[in-house]
Amino acid sequence: MKIHILYFARLRETLGTAKETLEIPAPATLALLLDTLRGRGGMWAEALAVGRNFRLARNQDLCPADTVLADGDEVAIFPPVTGG
Amino acid sequence: MKIHILYFARLRETLGTAKETLEIPAPATLALLLDTLRGRGGMWAEALAVGRNFRLARNQDLCPADTVLADGDEVAIFPPVTGG
Amino acid sequence: MTIKIAVQAAPFDLGAEIAALHRDTPAVGAVASFLGTVRNEAGTVSEMCLEHYPGMTEKALAEIVQNAQTRWALHSVTVIHRIGPLAPCDPIVMVAVASAHRDAAFAACAFIMDFLKTQAPFWKQETTADGAHWVDAKDSDTGACARWAAPDL
Amino acid sequence: MTIKIAVQAAPFDLGAEIAALHRDTPAVGAVASFLGTVRNEAGTVSEMCLEHYPGMTEKALAEIVQNAQTRWALHSVTVIHRIGPLAPCDPIVMVAVASAHRDAAFAACAFIMDFLKTQAPFWKQETTADGAHWVDAKDSDTGACARWAAPDL
(Lines give C-alpha, C1' and ligand atoms only; values in the text may rest on other atoms or scores of the structure.)
Protein backbone atom coordinates (compact mmCIF):
# COMPACT_ATOMS: atom_id res chain seq x y z
CA MET A 1 0.00 0.00 0.00
CA LYS A 2 1.01 3.63 -0.58
CA ILE A 3 1.85 5.83 2.42
CA HIS A 4 2.51 9.57 1.99
CA ILE A 5 5.05 10.78 4.54
CA LEU A 6 5.71 14.37 5.62
CA TYR A 7 8.65 15.64 7.70
CA PHE A 8 8.68 18.98 9.51
CA ALA A 9 11.03 21.47 11.14
CA ARG A 10 14.34 20.17 12.53
CA LEU A 11 13.52 16.61 11.41
CA ARG A 12 12.87 17.80 7.85
CA GLU A 13 16.25 19.51 7.86
CA THR A 14 18.11 16.59 9.46
CA LEU A 15 16.65 14.07 7.01
CA GLY A 16 16.95 16.45 4.04
CA THR A 17 13.41 15.49 2.98
CA ALA A 18 10.09 17.31 3.27
CA LYS A 19 7.94 14.51 1.85
CA GLU A 20 7.96 11.19 0.08
CA THR A 21 5.61 8.39 -0.88
CA LEU A 22 6.51 4.88 0.23
CA GLU A 23 5.13 1.54 -0.90
CA ILE A 24 4.96 -0.89 2.06
CA PRO A 25 3.26 -4.28 2.46
CA ALA A 26 -0.09 -4.31 4.30
CA PRO A 27 -0.93 -4.77 7.12
CA ALA A 28 1.43 -2.32 8.79
CA THR A 29 1.55 -0.07 11.84
CA LEU A 30 3.31 3.27 12.21
CA ALA A 31 5.98 1.41 14.22
CA LEU A 32 6.65 -0.86 11.25
CA LEU A 33 6.89 2.15 8.94
CA LEU A 34 9.44 3.70 11.32
CA ASP A 35 11.45 0.44 11.24
CA THR A 36 11.49 0.62 7.45
CA LEU A 37 12.77 4.22 7.58
CA ARG A 38 15.44 3.35 10.17
CA GLY A 39 16.57 0.58 7.83
CA ARG A 40 18.01 3.29 5.59
CA GLY A 41 20.76 3.80 8.20
CA GLY A 42 22.70 7.02 8.75
CA MET A 43 20.63 10.03 9.87
CA TRP A 44 17.45 8.01 9.39
CA ALA A 45 18.47 5.41 11.97
CA GLU A 46 19.75 8.11 14.30
CA ALA A 47 16.99 10.73 14.11
CA LEU A 48 14.20 8.15 14.29
CA ALA A 49 15.86 5.88 16.88
CA VAL A 50 13.58 4.39 19.54
CA GLY A 51 13.46 6.79 22.48
CA ARG A 52 14.16 9.90 20.38
CA ASN A 53 11.68 12.67 20.98
CA PHE A 54 9.44 12.95 17.93
CA ARG A 55 5.70 12.94 17.28
CA LEU A 56 3.56 10.99 14.84
CA ALA A 57 0.35 11.95 13.08
CA ARG A 58 -1.86 9.84 10.82
CA ASN A 59 -4.21 11.75 8.55
CA GLN A 60 -3.54 14.93 10.54
CA ASP A 61 -4.29 13.49 13.98
CA LEU A 62 -1.61 12.90 16.60
CA CYS A 63 -1.42 9.15 17.26
CA PRO A 64 0.71 6.47 18.91
CA ALA A 65 3.18 4.18 17.09
CA ASP A 66 0.87 1.14 17.28
CA THR A 67 -1.67 2.85 14.99
CA VAL A 68 -2.57 0.65 12.00
CA LEU A 69 -2.06 2.25 8.59
CA ALA A 70 -4.30 2.05 5.54
CA ASP A 71 -3.57 2.54 1.85
CA GLY A 72 -3.28 6.22 0.95
CA ASP A 73 -2.69 7.40 4.54
CA GLU A 74 -0.86 10.64 5.19
CA VAL A 75 1.74 10.15 7.92
CA ALA A 76 3.67 13.03 9.47
CA ILE A 77 6.80 12.77 11.62
CA PHE A 78 7.93 15.86 13.47
CA PRO A 79 9.65 17.21 16.59
CA PRO A 80 7.59 18.28 19.64
CA VAL A 81 5.65 21.38 18.63
CA THR A 82 6.72 24.86 19.73
CA GLY A 83 4.04 27.26 18.49
CA GLY A 84 2.01 29.78 20.44
CA MET B 1 -13.54 65.09 66.86
CA LYS B 2 -14.87 65.64 63.34
CA ILE B 3 -15.67 62.61 61.16
CA HIS B 4 -16.64 63.02 57.49
CA ILE B 5 -19.07 60.29 56.45
CA LEU B 6 -19.94 59.20 52.90
CA TYR B 7 -22.80 56.91 51.83
CA PHE B 8 -22.97 55.14 48.47
CA ALA B 9 -25.37 53.36 46.13
CA ARG B 10 -28.47 51.73 47.68
CA LEU B 11 -27.46 52.89 51.16
CA ARG B 12 -27.16 56.50 49.98
CA GLU B 13 -30.68 56.26 48.53
CA THR B 14 -32.16 54.50 51.57
CA LEU B 15 -30.70 57.03 53.99
CA GLY B 16 -31.37 59.99 51.70
CA THR B 17 -27.87 61.29 52.41
CA ALA B 18 -24.68 61.28 50.33
CA LYS B 19 -22.42 62.82 52.97
CA GLU B 20 -22.31 64.56 56.31
CA THR B 21 -19.82 65.65 58.94
CA LEU B 22 -20.38 64.45 62.49
CA GLU B 23 -18.83 65.64 65.74
CA ILE B 24 -18.25 62.68 68.09
CA PRO B 25 -16.27 62.38 71.32
CA ALA B 26 -12.82 60.79 71.11
CA PRO B 27 -11.76 58.03 71.46
CA ALA B 28 -14.17 56.21 69.17
CA THR B 29 -14.25 53.19 66.90
CA LEU B 30 -16.24 52.71 63.71
CA ALA B 31 -18.60 50.51 65.72
CA LEU B 32 -19.30 53.42 68.08
CA LEU B 33 -19.93 55.72 65.13
CA LEU B 34 -22.42 53.17 63.74
CA ASP B 35 -24.18 53.09 67.15
CA THR B 36 -24.49 56.87 67.03
CA LEU B 37 -26.04 56.69 63.54
CA ARG B 38 -28.45 53.89 64.58
CA GLY B 39 -29.53 56.12 67.45
CA ARG B 40 -31.33 58.29 64.88
CA GLY B 41 -33.90 55.48 64.56
CA GLY B 42 -36.05 54.83 61.48
CA MET B 43 -34.15 53.87 58.31
CA TRP B 44 -30.86 54.57 60.11
CA ALA B 45 -31.51 51.90 62.74
CA GLU B 46 -32.81 49.50 60.10
CA ALA B 47 -30.27 49.90 57.27
CA LEU B 48 -27.29 49.91 59.63
CA ALA B 49 -28.57 47.19 62.00
CA VAL B 50 -25.98 44.70 63.27
CA GLY B 51 -25.86 41.77 60.82
CA ARG B 52 -26.94 43.85 57.81
CA ASN B 53 -24.64 43.44 54.84
CA PHE B 54 -22.67 46.65 54.43
CA ARG B 55 -18.99 47.54 54.15
CA LEU B 56 -16.89 50.12 55.96
CA ALA B 57 -13.90 52.13 54.80
CA ARG B 58 -11.68 54.51 56.76
CA ASN B 59 -9.65 56.97 54.71
CA GLN B 60 -10.42 54.97 51.58
CA ASP B 61 -9.33 51.57 52.91
CA LEU B 62 -11.77 48.76 53.67
CA CYS B 63 -11.62 48.04 57.40
CA PRO B 64 -13.42 46.25 60.25
CA ALA B 65 -15.82 47.87 62.72
CA ASP B 66 -13.28 47.82 65.56
CA THR B 67 -11.04 50.30 63.71
CA VAL B 68 -10.19 53.32 65.86
CA LEU B 69 -11.05 56.71 64.35
CA ALA B 70 -9.02 59.91 64.41
CA ASP B 71 -10.06 63.52 64.04
CA GLY B 72 -10.70 64.44 60.42
CA ASP B 73 -11.11 60.83 59.22
CA GLU B 74 -13.15 60.08 56.12
CA VAL B 75 -15.48 57.15 56.76
CA ALA B 76 -17.53 55.50 54.03
CA ILE B 77 -20.47 53.14 54.50
CA PHE B 78 -21.70 51.22 51.46
CA PRO B 79 -23.29 47.98 50.19
CA PRO B 80 -21.10 45.10 48.93
CA VAL B 81 -19.48 46.28 45.70
CA THR B 82 -20.73 45.13 42.29
CA GLY B 83 -18.34 46.57 39.73
CA GLY B 84 -16.39 44.80 37.03
CA MET C 1 6.71 47.55 36.29
CA THR C 2 4.49 50.02 34.44
CA ILE C 3 1.01 50.44 35.90
CA LYS C 4 -1.85 52.34 34.30
CA ILE C 5 -5.09 52.70 36.24
CA ALA C 6 -8.00 54.79 35.02
CA VAL C 7 -11.59 55.33 36.14
CA GLN C 8 -13.43 57.15 33.42
CA ALA C 9 -16.78 57.68 31.71
CA ALA C 10 -15.22 57.57 28.23
CA PRO C 11 -14.87 54.34 26.24
CA PHE C 12 -11.40 52.72 26.07
CA ASP C 13 -9.61 51.16 23.13
CA LEU C 14 -8.73 47.64 24.32
CA GLY C 15 -6.62 46.84 21.24
CA ALA C 16 -4.58 50.02 21.63
CA GLU C 17 -4.12 49.42 25.37
CA ILE C 18 -2.88 45.88 24.77
CA ALA C 19 -0.60 47.03 21.94
CA ALA C 20 0.94 49.62 24.27
CA LEU C 21 1.89 46.80 26.69
CA HIS C 22 4.01 44.83 24.22
CA ARG C 23 5.04 47.18 21.41
CA ASP C 24 8.81 47.78 21.50
CA THR C 25 8.99 45.64 24.64
CA PRO C 26 11.05 42.53 23.82
CA ALA C 27 10.90 41.22 27.41
CA VAL C 28 7.15 40.62 26.99
CA GLY C 29 6.02 37.33 25.47
CA ALA C 30 2.46 37.18 26.78
CA VAL C 31 -0.43 39.58 27.34
CA ALA C 32 -3.53 38.20 29.05
CA SER C 33 -6.54 40.45 29.07
CA PHE C 34 -10.11 40.60 30.24
CA LEU C 35 -13.02 42.64 28.98
CA GLY C 36 -16.24 42.91 30.98
CA THR C 37 -19.34 44.10 29.14
CA VAL C 38 -22.93 45.00 30.03
CA ARG C 39 -24.79 41.69 29.81
CA ASN C 40 -28.45 41.64 28.90
CA GLU C 41 -29.38 38.01 28.33
CA ALA C 42 -33.07 38.51 29.10
CA GLY C 43 -33.23 41.63 26.95
CA THR C 44 -34.80 43.60 29.81
CA VAL C 45 -31.97 46.02 30.61
CA SER C 46 -32.19 49.39 28.88
CA GLU C 47 -29.33 51.05 30.78
CA MET C 48 -26.63 50.21 33.31
CA CYS C 49 -25.23 52.99 35.49
CA LEU C 50 -21.96 52.65 37.40
CA GLU C 51 -21.54 54.62 40.63
CA HIS C 52 -18.17 54.70 42.37
CA TYR C 53 -16.29 56.19 45.31
CA PRO C 54 -13.91 58.73 43.77
CA GLY C 55 -10.43 58.46 45.20
CA MET C 56 -10.95 55.07 46.82
CA THR C 57 -11.55 53.32 43.49
CA GLU C 58 -8.13 54.30 42.17
CA LYS C 59 -6.50 53.48 45.50
CA ALA C 60 -8.20 50.06 45.74
CA LEU C 61 -7.27 49.19 42.15
CA ALA C 62 -3.63 50.24 42.72
CA GLU C 63 -3.43 48.02 45.82
CA ILE C 64 -4.88 45.04 43.96
CA VAL C 65 -2.35 45.48 41.14
CA GLN C 66 0.49 45.82 43.65
CA ASN C 67 -0.61 42.60 45.34
CA ALA C 68 -0.56 40.85 41.96
CA GLN C 69 2.92 42.21 41.35
CA THR C 70 4.25 40.64 44.56
CA ARG C 71 2.95 37.23 43.44
CA TRP C 72 3.98 37.12 39.78
CA ALA C 73 6.75 38.58 37.62
CA LEU C 74 4.79 41.16 35.66
CA HIS C 75 6.05 43.65 33.14
CA SER C 76 3.07 45.98 32.96
CA VAL C 77 -0.60 46.15 33.92
CA THR C 78 -3.44 48.32 32.67
CA VAL C 79 -6.81 48.53 34.44
CA ILE C 80 -9.56 50.78 33.12
CA HIS C 81 -13.04 50.87 34.68
CA ARG C 82 -15.84 52.95 33.29
CA ILE C 83 -18.40 54.88 35.33
CA GLY C 84 -21.71 56.57 34.58
CA PRO C 85 -24.45 55.41 32.21
CA LEU C 86 -23.74 52.51 29.83
CA ALA C 87 -25.84 50.58 27.29
CA PRO C 88 -26.15 46.79 26.89
CA CYS C 89 -23.01 45.32 25.21
CA ASP C 90 -20.93 48.35 26.22
CA PRO C 91 -17.50 47.61 27.69
CA ILE C 92 -17.38 48.23 31.47
CA VAL C 93 -13.89 47.15 32.49
CA MET C 94 -10.62 45.97 31.01
CA VAL C 95 -7.60 44.41 32.65
CA ALA C 96 -4.48 43.62 30.62
CA VAL C 97 -1.33 42.05 32.06
CA ALA C 98 1.98 41.69 30.20
CA SER C 99 4.61 39.21 31.31
CA ALA C 100 7.40 37.09 29.89
CA HIS C 101 5.24 33.94 30.07
CA ARG C 102 1.56 33.13 29.84
CA ASP C 103 1.02 31.48 33.23
CA ALA C 104 1.91 34.65 35.15
CA ALA C 105 -0.11 36.83 32.78
CA PHE C 106 -3.24 34.64 33.00
CA ALA C 107 -3.07 34.19 36.77
CA ALA C 108 -2.48 37.88 37.51
CA CYS C 109 -5.29 38.94 35.17
CA ALA C 110 -7.79 36.59 36.85
CA PHE C 111 -6.51 37.63 40.31
CA ILE C 112 -7.00 41.32 39.56
CA MET C 113 -10.54 40.74 38.26
CA ASP C 114 -11.48 38.62 41.29
CA PHE C 115 -10.37 41.32 43.73
CA LEU C 116 -11.73 44.18 41.64
CA LYS C 117 -15.15 42.48 41.82
CA THR C 118 -15.09 42.33 45.63
CA GLN C 119 -12.87 45.19 46.83
CA ALA C 120 -13.09 48.09 44.39
CA PRO C 121 -15.96 50.47 45.30
CA PHE C 122 -18.14 50.36 42.20
CA TRP C 123 -21.89 49.72 42.21
CA LYS C 124 -24.10 48.79 39.28
CA GLN C 125 -27.64 50.05 38.86
CA GLU C 126 -29.74 48.50 36.10
CA THR C 127 -32.69 50.20 34.48
CA THR C 128 -35.50 47.98 33.17
CA ALA C 129 -39.17 48.63 32.35
CA ASP C 130 -39.80 48.45 36.14
CA GLY C 131 -37.38 51.30 36.84
CA ALA C 132 -33.87 51.44 38.27
CA HIS C 133 -32.58 48.81 40.70
CA TRP C 134 -29.25 48.12 42.32
CA VAL C 135 -27.52 44.90 41.29
CA ASP C 136 -26.92 42.53 44.22
CA ALA C 137 -23.41 41.32 45.01
CA LYS C 138 -22.79 37.66 44.16
CA ASP C 139 -21.52 35.11 46.68
CA SER C 140 -19.59 33.48 43.84
CA ASP C 141 -17.44 36.61 43.57
CA THR C 142 -16.47 36.42 47.24
CA GLY C 143 -15.72 32.72 46.75
CA ALA C 144 -13.52 33.48 43.74
CA CYS C 145 -11.15 35.50 45.94
CA ALA C 146 -10.80 32.69 48.47
CA ARG C 147 -8.88 30.52 46.02
CA TRP C 148 -5.99 32.99 45.96
CA ALA C 149 -5.50 32.63 49.72
CA ALA C 150 -3.94 29.17 49.35
CA PRO C 151 -0.27 29.39 50.42
CA ASP C 152 1.04 27.48 47.40
CA LEU C 153 -0.53 28.42 44.14
CA MET D 1 -21.20 28.79 19.37
CA THR D 2 -19.32 30.84 16.79
CA ILE D 3 -15.78 29.65 16.10
CA LYS D 4 -13.18 31.46 14.02
CA ILE D 5 -9.84 29.79 13.39
CA ALA D 6 -7.20 31.24 11.11
CA VAL D 7 -3.58 30.40 10.30
CA GLN D 8 -2.07 33.28 8.39
CA ALA D 9 1.09 35.24 7.63
CA ALA D 10 -0.72 38.58 7.92
CA PRO D 11 -1.00 40.50 11.19
CA PHE D 12 -4.32 40.39 13.06
CA ASP D 13 -6.22 43.18 14.80
CA LEU D 14 -6.74 41.90 18.34
CA GLY D 15 -9.01 44.80 19.34
CA ALA D 16 -11.24 44.30 16.31
CA GLU D 17 -11.38 40.52 16.88
CA ILE D 18 -12.40 41.00 20.53
CA ALA D 19 -14.95 43.66 19.59
CA ALA D 20 -16.51 41.24 17.08
CA LEU D 21 -17.08 38.74 19.93
CA HIS D 22 -19.22 41.02 22.08
CA ARG D 23 -20.61 43.79 19.86
CA ASP D 24 -24.40 43.41 19.53
CA THR D 25 -24.21 40.25 21.64
CA PRO D 26 -26.08 40.88 24.92
CA ALA D 27 -25.56 37.29 26.15
CA VAL D 28 -21.83 37.98 26.47
CA GLY D 29 -20.57 39.56 29.69
CA ALA D 30 -16.91 38.51 29.56
CA VAL D 31 -14.18 38.19 26.95
CA ALA D 32 -10.85 36.69 28.07
CA SER D 33 -8.03 36.91 25.61
CA PHE D 34 -4.41 36.02 25.18
CA LEU D 35 -1.75 37.52 22.95
CA GLY D 36 1.57 35.76 22.41
CA THR D 37 4.43 37.84 21.04
CA VAL D 38 8.00 37.24 19.87
CA ARG D 39 10.06 37.56 23.04
CA ASN D 40 13.64 38.74 22.85
CA GLU D 41 14.79 39.34 26.41
CA ALA D 42 18.46 38.87 25.63
CA GLY D 43 18.26 41.06 22.55
CA THR D 44 19.89 38.35 20.43
CA VAL D 45 16.96 37.36 18.21
CA SER D 46 16.80 39.14 14.86
CA GLU D 47 13.98 37.04 13.39
CA MET D 48 11.54 34.32 14.38
CA CYS D 49 10.12 32.05 11.67
CA LEU D 50 7.03 29.90 12.23
CA GLU D 51 6.73 26.66 10.24
CA HIS D 52 3.48 24.68 10.36
CA TYR D 53 1.74 21.60 8.96
CA PRO D 54 -0.94 23.00 6.63
CA GLY D 55 -4.27 21.30 7.12
CA MET D 56 -3.40 19.69 10.44
CA THR D 57 -2.93 23.04 12.19
CA GLU D 58 -6.50 24.13 11.48
CA LYS D 59 -7.80 20.67 12.37
CA ALA D 60 -5.87 20.52 15.64
CA LEU D 61 -6.99 24.01 16.65
CA ALA D 62 -10.63 23.18 15.85
CA GLU D 63 -10.45 20.06 18.03
CA ILE D 64 -8.93 21.99 20.93
CA VAL D 65 -11.69 24.63 20.70
CA GLN D 66 -14.35 21.91 20.54
CA ASN D 67 -12.90 20.27 23.64
CA ALA D 68 -13.08 23.63 25.44
CA GLN D 69 -16.68 23.99 24.34
CA THR D 70 -17.65 20.67 25.96
CA ARG D 71 -16.20 21.86 29.29
CA TRP D 72 -17.48 25.43 29.52
CA ALA D 73 -20.50 27.39 28.32
CA LEU D 74 -18.88 29.53 25.63
CA HIS D 75 -20.49 31.97 23.28
CA SER D 76 -17.71 32.39 20.75
CA VAL D 77 -14.01 31.71 20.28
CA THR D 78 -11.42 33.19 17.94
CA VAL D 79 -7.97 31.67 17.45
CA ILE D 80 -5.49 33.21 15.03
CA HIS D 81 -1.93 31.93 14.65
CA ARG D 82 0.61 33.55 12.40
CA ILE D 83 3.17 31.72 10.27
CA GLY D 84 6.28 32.73 8.37
CA PRO D 85 8.92 35.29 9.36
CA LEU D 86 8.24 37.59 12.33
CA ALA D 87 10.27 40.24 14.12
CA PRO D 88 10.83 40.63 17.89
CA CYS D 89 7.69 42.05 19.63
CA ASP D 90 5.48 40.92 16.74
CA PRO D 91 2.23 39.19 17.70
CA ILE D 92 2.35 35.42 17.03
CA VAL D 93 -0.96 34.13 18.34
CA MET D 94 -4.24 35.36 19.77
CA VAL D 95 -7.01 33.47 21.54
CA ALA D 96 -10.20 35.26 22.57
CA VAL D 97 -13.12 33.58 24.35
CA ALA D 98 -16.52 35.18 24.97
CA SER D 99 -18.87 33.85 27.62
CA ALA D 100 -21.61 35.04 29.96
CA HIS D 101 -19.21 34.99 32.94
CA ARG D 102 -15.51 35.48 33.48
CA ASP D 103 -14.61 32.13 35.04
CA ALA D 104 -15.58 30.17 31.91
CA ALA D 105 -13.89 32.72 29.63
CA PHE D 106 -10.62 32.70 31.59
CA ALA D 107 -10.48 28.92 31.98
CA ALA D 108 -11.27 28.18 28.34
CA CYS D 109 -8.73 30.74 27.11
CA ALA D 110 -5.95 29.22 29.25
CA PHE D 111 -7.04 25.69 28.25
CA ILE D 112 -6.88 26.51 24.54
CA MET D 113 -3.41 28.06 24.90
CA ASP D 114 -2.09 25.08 26.89
CA PHE D 115 -3.21 22.60 24.24
CA LEU D 116 -2.22 24.83 21.33
CA LYS D 117 1.31 24.87 22.78
CA THR D 118 1.55 21.07 22.87
CA GLN D 119 -0.77 19.75 20.16
CA ALA D 120 -0.94 22.21 17.28
CA PRO D 121 1.81 21.54 14.72
CA PHE D 122 3.75 24.81 14.70
CA TRP D 123 7.53 25.08 15.07
CA LYS D 124 9.58 28.15 15.90
CA GLN D 125 12.96 28.86 14.40
CA GLU D 126 14.97 31.76 15.82
CA THR D 127 17.66 33.61 13.93
CA THR D 128 20.51 35.11 15.96
CA ALA D 129 24.03 36.23 15.07
CA ASP D 130 24.97 32.50 15.13
CA GLY D 131 22.41 31.63 12.46
CA ALA D 132 19.02 29.93 12.57
CA HIS D 133 18.11 27.41 15.25
CA TRP D 134 14.97 25.54 16.16
CA VAL D 135 13.40 26.39 19.50
CA ASP D 136 13.19 23.41 21.88
CA ALA D 137 9.86 22.31 23.31
CA LYS D 138 9.42 23.09 27.02
CA ASP D 139 8.53 20.45 29.60
CA SER D 140 6.51 23.13 31.41
CA ASP D 141 4.13 23.25 28.44
CA THR D 142 3.45 19.53 28.66
CA GLY D 143 2.94 19.92 32.40
CA ALA D 144 0.47 22.74 31.84
CA CYS D 145 -1.86 20.39 29.96
CA ALA D 146 -1.84 17.82 32.75
CA ARG D 147 -3.77 20.11 35.10
CA TRP D 148 -6.81 19.96 32.81
CA ALA D 149 -6.99 16.18 33.16
CA ALA D 150 -8.40 16.42 36.70
CA PRO D 151 -11.99 15.13 36.71
CA ASP D 152 -13.35 18.03 38.78
CA LEU D 153 -12.14 21.41 37.68
Side-chain angles (χ1 to χ4, degrees), chain B residues 2-22 29-31 33-34 37 42-84, chain C residues 7 34-39 48-64 67 79-84 86 91-95 109-126 131-145:
Chain B
K2 267 196 169 58
I3 304 294
H4 308 285
I5 316 178
L6 303 171
Y7 306 94
F8 289 99
R10 185 185 279 150
L11 212 51
R12 170 179 53 74
E13 288 187 352
T14 303
L15 300 175
T17 310
K19 60 179 172 177
E20 63 178 313
T21 298
L22 220 63
T29 59
L30 263 170
L33 175 67
L34 286 170
L37 296 171
M43 287 314 297
W44 293 89
E46 196 176 309
L48 302 177
V50 175
R52 288 298 294 267
N53 201 5
F54 54 82
R55 300 279 179 276
L56 303 167
R58 174 180 169 260
N59 297 335
Q60 310 189 344
D61 281 319
L62 287 170
C63 63
D66 62 2
T67 303
V68 176
L69 299 174
D71 185 42
D73 273 0
E74 177 176 300
V75 165
I77 310 177
F78 46 77
V81 305
T82 57
Chain C
V7 177
F34 179 81
L35 174 69
T37 60
V38 178
R39 204 156 46 87
M48 169 83 84
C49 195
L50 266 293
E51 177 172 332
H52 76 128
Y53 178 178
M56 181 170 166
T57 41
E58 294 82 350
K59 190 176 176 182
L61 294 174
E63 276 170 17
I64 293 166
N67 287 341
V79 178
I80 305 179
H81 201 299
R82 295 177 70 191
I83 50 172
L86 299 171
I92 303 171
V93 62
M94 66 152 283
V95 175
C109 191
F111 174 95
I112 291 168
M113 274 308 302
D114 282 352
F115 283 90
L116 183 155
K117 284 261 180 187
T118 53
Q119 312 232 318
F122 294 99
W123 300 273
K124 285 192 183 109
Q125 190 178 50
E126 281 180 355
H133 22 148
W134 294 98
V135 173
D136 284 320
K138 286 189 290 182
D139 288 342
S140 63
D141 284 330
T142 311
C145 284

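Residue numbers begin at 1 in each chain, while the letters A, B, ... track the order of the sequences.
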For Q60(B) and P54(C), the nearest pair of non-hydrogen atoms, with its separation, is NE2-O, 3.8 Å
Taking C-beta and beyond as the side chain, do R10(B) and D136(C) meet within less than 4.5 Å on heavy atoms?
yes
Nearest heavy-atom approach of G84(B) to L116(C) is CA-CD2, 3.5 Å
Under 4.5 Å heavy-atom distance to chain C, tell me which part of R12(B) shows up: side chain, backbone, both or neither.
side chain
Is any side-chain heavy atom of P79(B) closer than 4.5 Å to a side-chain heavy atom of W123(C)?
yes
Can you label the angle between the F78(B) ring and the Y53(C) ring as parallel, tilted or perpendicular, going by 30° and 60°?
perpendicular
Counting only heavy atoms closer than 4.5 Å, note whether H133(C) contacts chain B via side chain, backbone, both or neither.
neither
Check whether more than 12 heavy atoms from other residues, nucleotides or ligands sit under 6.0 Å from atom CG of D71(B), and answer yes or no.
yes
Under 4.5 Å, counting heavy-atom pairs only, tell me which of D61(B), L6(B), N53(B) racks up the most with chain C.
D61(B)
Quickly, which of E51(C), K117(C), K124(C) forms a side-chain contact (heavy atoms from CB on, under 4.5 Å) with T82(B)? Name it, please.
K124(C)
So for A120(C), is it side chain, backbone, both, or neither that comes closer than 4.5 Å to the heavy atoms of chain B?
backbone
So what's closer than 4.5 Å to chain C heavy atoms on N59(B): side chain, backbone, both or neither?
backbone
Please classify the contact of E63(C) with chain B as side chain, backbone, both or neither, using a heavy-atom distance under 4.5 Å.
side chain
